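Following: one structure in structure tokens, then a few remarks.
On a predicted model such as this, the values are computed, not experimentally measured, just so you know. These values consider heavy atoms only, across backbone and side chains, with no hydrogens, waters or symmetry-generated copies.
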Amino acid sequence: MEILPIEVIDKLVIIVAVFGISLVIAMYSTLAERKVSAFLQDRIGPNRAGIFGIFQPLADGVKFFMKEEIIPATADKGLFILGPSLSMLTACMTSAVIPWGDTLELFGRVIPLQVTDINIAVLYVFAVVSIGVYGIMIGGWASNNKFSLLGALRASSQMISYEIAMGLSIVALIMTTGTMSIGEIVYQQGGELYGIGALDGFAWNVFYQPLGFLIFMICAFAECNRTPFDLPECEAELVGGYHTEYSSMKLGFYLFAEYINMFISSAIMSALYFGGFNFPFIDKLDLSHNWETIIGVGFFFTKIIAFIFFFMWIRWTLPRFRYDQLMRLGWKILIPLSILNIIITGLVLLLTL
Amino acid sequence: MYSLSKKSKVVVKKEMTWSEKLYLPAIFQGLMITIRHFFKKKATLQYPEQKKEFAAVYRGKHILKRDEQGRENCTACGLCAVSCPAEAITIVAAERQKGEEHLYREEKYAASYEINMLRCIFCGLCEEACPKDAVYLTEELAPASFDRTDFIFGKDKLVQPLGTSAHPKTYKPYKK
């Protein structure tokens, strides 16, 4: 396939848009986190910077940039800077394979709303996410501080443990869909649920793989280092965990990477299990293709925001796990469960085909 | 053991049932509790715009009253200083001279009347002790400061300003 220069421009526009949108959403997630936590605790939350605290993220950003940047004398300077950069980089890289919407027909050309639809997208996501742990590990190691090192150790062992269960839960999904391209998986979910015509556009994988979804979601919480799995930054035991020594925008990068990760994993969950940009009864509306796409994108983002809210809702409901409980859940419960899920899926596929 | 409040529960460590071991129902229950709070009325008071009403018996900064003709009531009898459990009040008495009748009601007056606000415990015993209706505790807050000397309130800060009457904001005796 030859690549036309106009297609490169298309892709560049989409990349910049995706990048911008994920940064803006991560920015406002910080505000949303504070607002949601406040509302769940019968408070109001930040409301002084603009109406409903709408400029709070800007104020926080300015504050982060104004703070003194301290690199500890005993720290490894190069690695100390590399840590947060790597965290941020891997957080932003995953968004490349997520299909944000159907195709747009503009100027006589068909533009898919996806940076790239590679046929091993699921593997790509896993590869990038597992590099993400290096950001935390390197940062914790370079700080030359016991608390940071313990936090980094916890992060790495936790992520490695939960990646296995996550991968195994995805295997069952790939067995039913028969493809690793996320775009293809999303298109498949536009059909009829269990072959019932009234449930058109509802063939979401969550109805075929409920156990797989549950395992995937729990692992996504662990991968994002969110409560109840936020042991790496466990402020009660480890001061600040891996980012104890960090200040200014380097700390900001770590915190920001966490929110981008949350956004991306919400996007992946809604793409893989909740039908992505599909919404029910899309054909009944009788709209032009472009309008359908735009509404689909809206639905996709609604799903993502609902998942982000769920992340926060869980955070302000559940207490943190103890470390042995975390390992027990990962190795003794989630991994056997996901293997069981694979076996059941395989049996059902064998019997129905 | 007999429980007085009848609220105590006997703790028994027993094996969890299968559904309890799943944890998911318990997590769901917890989520329902938190989401109920999401829609509840918030307890926050937007402080500078909204202020909470003081209780009717609130005891704040002291005031040295004047009578209807603007003369100071205090006669420097020292009963307030004697009654003060924190020993916060210091009074220097002086005799009223000719031509000062419009300033002081009694023949003897307080040349200096100091309350150490760091010692004061705002108990209101000075107000109870005063036979001349002179000292009262108002609804005003005693202001904070970075300097210890600022907390010794002299007559300049305590005496009711001239021309003001007993208006409720600055002066409200807590008993009639």
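Of the inter-residue distances, the one linking Asn47(A) atom CG with Thr44(B) atom OG1 reads 8.5 Å to the nearest 0.5 angstrom. With rounding to the nearest 0.5 Å, the separation of NZ in Lys40(B) from CZ in Phe39(A) is 14.5 Å. Note that the CG atom of Asp42(A) and the NZ atom of Lys41(B) stand 10.5 Å from one another [nearest 0.5 Å].
Looking at heavy atoms from C-beta onward, His37(B) lies out of side-chain contact with Arg43(A) at the 4.5 angstrom threshold.
Note on ring orientation: taking the six-membered ring where Trp is involved, the planes of Phe38(B) and Phe309(A) are perpendicular (angle over 60°, cut-offs 30° and 60°).
The environment of Met32(B) atom CE is dense: over 12 non-hydrogen atoms of other residues, nucleotides or ligands sit within 6.0 angstrom. Annotation for Gln50(B): atom CD counts as buried by contact number, over 12 foreign heavy atoms lying within 6.0 Å. Heavy atoms from other residues, nucleotides or ligands lying under 6.0 Å from OH of Tyr323(A) number more than 12. Within a 6.0 Å sphere centred on OH of Tyr28(A), heavy atoms belonging to other residues, nucleotides or ligands number more than 12. Shown here is Glu95(B), whose CD atom has no more than 12 heavy atoms of other residues, nucleotides or ligands within 6.0 Å. Annotation: Lys42(B), atom NZ; neighbour count of heavy atoms from other residues, nucleotides and ligands within 6.0 Å is above 12.
When each of Ile314(A), Thr317(A), Leu318(A) is checked for a side-chain contact (heavy atoms from CB on, under 4.5 Å) with Thr34(B), only Thr317(A) meets the rule.
When heavy atoms are compared at a cutoff of 4.5 Å, Trp313(A) approaches chain B by way of both its backbone and its side chain. Both the backbone and the side chain of Ile35(B) come within contact range of chain A, with heavy atoms under 4.5 Å apart.
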